[in-house]
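The structure appears below as structure tokens.
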Amino acid sequence: MALLQQLKSQFVCQMIIWYVFLVSGLIINLLQICTLPLWLVSKQLARRINIRLGYCISSQMVAALEWWSGTECTLYTDPKSYLLYGNENAIVVLNHSHEIDFLCGWTFCDRFGVLGSSKVLAKKELSYVPVIGWMWYFLEIVFCKRKWEEDRKTVAQSLQNLRDYPENYWFLLFCEGTRFTPKKHQISMQVAESKGLPKLKYHLLPRTKGFWITVQNLRGTVAAVYDSTLNFRDNEAPNLLGILNGRKYHADLYVRRIPLELIPEDEAECAAWLHKLYQEKDSFQEHYTQTGRFPGPTVSPPQRPWALINWLFWACLLLYPLGLLLAQLISTASIMTILASVAICSAVSLGVRWMIGQTEIDRSSSYGNKEVPLNNN
């Protein structure tokens, strides 16, 4: 076991994982571009194809979390609600405190069969990131500029486009707008004090406008809000580099199903409802901090083999030509070939480190860091 763990931490193994991910991702992006003419003929067929193509990319990261690092996931939820997960459209409200919280969200999407079709409200800059961002474009992910006057119409239109989506999906929403850091929390609580709102200990104030516009435009299509609070045992601070090193974590996720009709339609009332929700989420986090668990019964959704099968398929497809290239390199021992190979490996390594950096808390968005009162409504 120790030998296997040491093997997982080797740079060569990590490069193989990223090589398969990047090359297969670019191939899939190309295939997605080829579906553009199909949108004119059959929009729903094009959507279904892109759901499968998107799954081929995102499930590789799920495979890294579940099968490579062996991270375990425990779900705290009502057994009656559990039966509905994956069988209805839902808005999933997540806390944003960990570097891999998005990946854990994807893991639960995969376990309930909605990974390929699920959506997220993401900042516009991510649409330019190769592989993931380009994949999201074809999956009709909702992008925003974080400028309300510009986003109000574009976000609403993007959400309206999802009303006839052909398969069940979860819309993952980080209402805090940015990842939790002590500095952002301090500023956010200053805003809470100025607005007469109760202070939160483990969360930033939620951005209510994005939540309200999402709920309003998906009414009649989405059945419920899944209030989700994620934590890791033993005060772990997991990151993507740890996953690549094969480090095992244990995630706990508390989910409450709230029927959408219970959420007020009026914007001000909806904002007050969301603030109350985050006060409750804070109490759940406090309970976890004190007891090491969330309230309620636990369920362990079974792992699905498809993420691993998908990665093995792409690994077999792409590692064979790489092996031939390395064999030729060794046999010829050409200086130019060796230099070119070193340059390519260095470029891939830098590209991978840049992509990992996008998930790191200390390099996260500066949104919420400004030393001025923020408009949280």
Side-chain angles (χ1 to χ4, degrees), residues 73-96 101 104-115 117-121 140 142 155-156 158-177 198 200 203 205-231 252-285 287-288 294-299 301 377:
C73 302
T74 299
L75 177 64
Y76 292 75
T77 193
D78 174 28
K80 293 181 180 179
S81 298
Y82 178 82
L83 299 175
L84 297 172
Y85 298 157
N87 297 314
E88 61 183 2
N89 295 337
I91 298 171
V92 182
V93 176
L94 289 159
N95 58 321
H96 206 6
D101 45 21
C104 291
W106 283 9
T107 296
F108 280 98
C109 285
D110 185 46
R111 294 194 180 192
F112 290 102
V114 293
L115 177 59
S117 58
S118 286
K119 315 299 174 191
V120 67
L121 180 61
E140 301 172 83
V142 181
V155 170
S158 297
L159 291 166
Q160 285 290 321
N161 291 339
L162 300 178
R163 296 188 66 85
D164 63 343
Y165 209 72
E167 299 189 14
N168 290 331
Y169 63 85
W170 290 356
F171 193 96
L172 278 59
L173 196 59
F174 295 101
C175 292
E176 293 164 275
L200 304 173
H203 299 83
L205 282 182
R207 310 279 166 161
T208 60
K209 289 185 182 294
F211 177 77
W212 174 75
I213 199 171
T214 301
V215 169
Q216 288 304 99
N217 283 278
L218 294 181
R219 284 189 185 275
T221 303
V222 164
V225 165
Y226 297 166
D227 172 35
S228 308
T229 305
L230 176 72
N231 220 323
D252 288 321
L253 182 69
Y254 178 61
V255 180
R256 295 185 298 165
R257 182 185 183 275
I258 305 171
L260 202 70
E261 57 265 23
L262 297 181
I263 302 175
E265 294 191 30
D266 177 76
E267 183 176 357
E269 293 179 1
C270 183
W273 183 92
L274 185 62
H275 281 299
K276 182 180 179 182
L277 181 78
Y278 267 77
Q279 293 162 28
E280 294 172 353
K281 289 172 75 70
D282 226 45
S283 67
F284 297 147
Q285 279 283 33
H287 184 278
Y288 189 94
F294 288 115
T298 63
V299 182
N377 292 324

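Model, not experiment: these values are computed from the prediction. Any value given below was found using the heavy atoms of this structure, including those in side chains, with hydrogens, waters and symmetry copies removed.
If you take OG on Ser228 and CZ on Arg257, they are separated by 12.5 Å, rounding to the nearest 0.5 Å. A distance of 12.5 Å separates CG of Asn231 from OG1 of Thr74, quoted to the nearest 0.5 Å. Between Leu159 atom CG and Leu162 atom CG the span is 6.0 Å, to the nearest 0.5 Å.
Of all heavy-atom pairs between Ile91 and Thr214, the closest is CD1-CG2, 3.9 Å. Between Val225 and Leu260, the shortest heavy-atom contact is CG2-CD1, 3.7 Å. Smallest separation of non-hydrogen atoms from His96 and Glu176: N-OE1, 3.0 Å. Scanning both residues, Tyr169 and Ser118, for their nearest heavy atoms gives CB-CA, 4.1 Å. Between Gln285 and His203 the shortest heavy-atom distance is CG-CE1, 3.7 Å.
Phe211 and Trp273 have parallel rings, their planes meeting at less than 30° on a 0 to 90° scale where 60° marks the start of perpendicular.
For Asn89, there are no side chain to side chain donor-acceptor pair (under 3.5 Å) partners, not counting sequence neighbours.
A cation-pi contact, defined as under 6.0 Å to the ring centre and within 45° of the axis, is absent between Lys281 and Phe284.
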Would Phe108 and Trp170 count as a ring pair (Phe, Tyr, Trp, His ring centres under 6.0 Å) if you check the C-alpha gap in whole Å, the side-chain angles of each, and the deciding distance to 0.1 Å? CA-CA 10 Å; Phe108 280 98; Trp170 290 356; 8.3 Å; no

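If you check the side chains of Tyr85 and Thr77, you find a donor sitting under 3.5 Å from an acceptor.
Contact check for Leu277 versus Glu280: side-chain heavy atoms found under the 4.5 Å cut-off.
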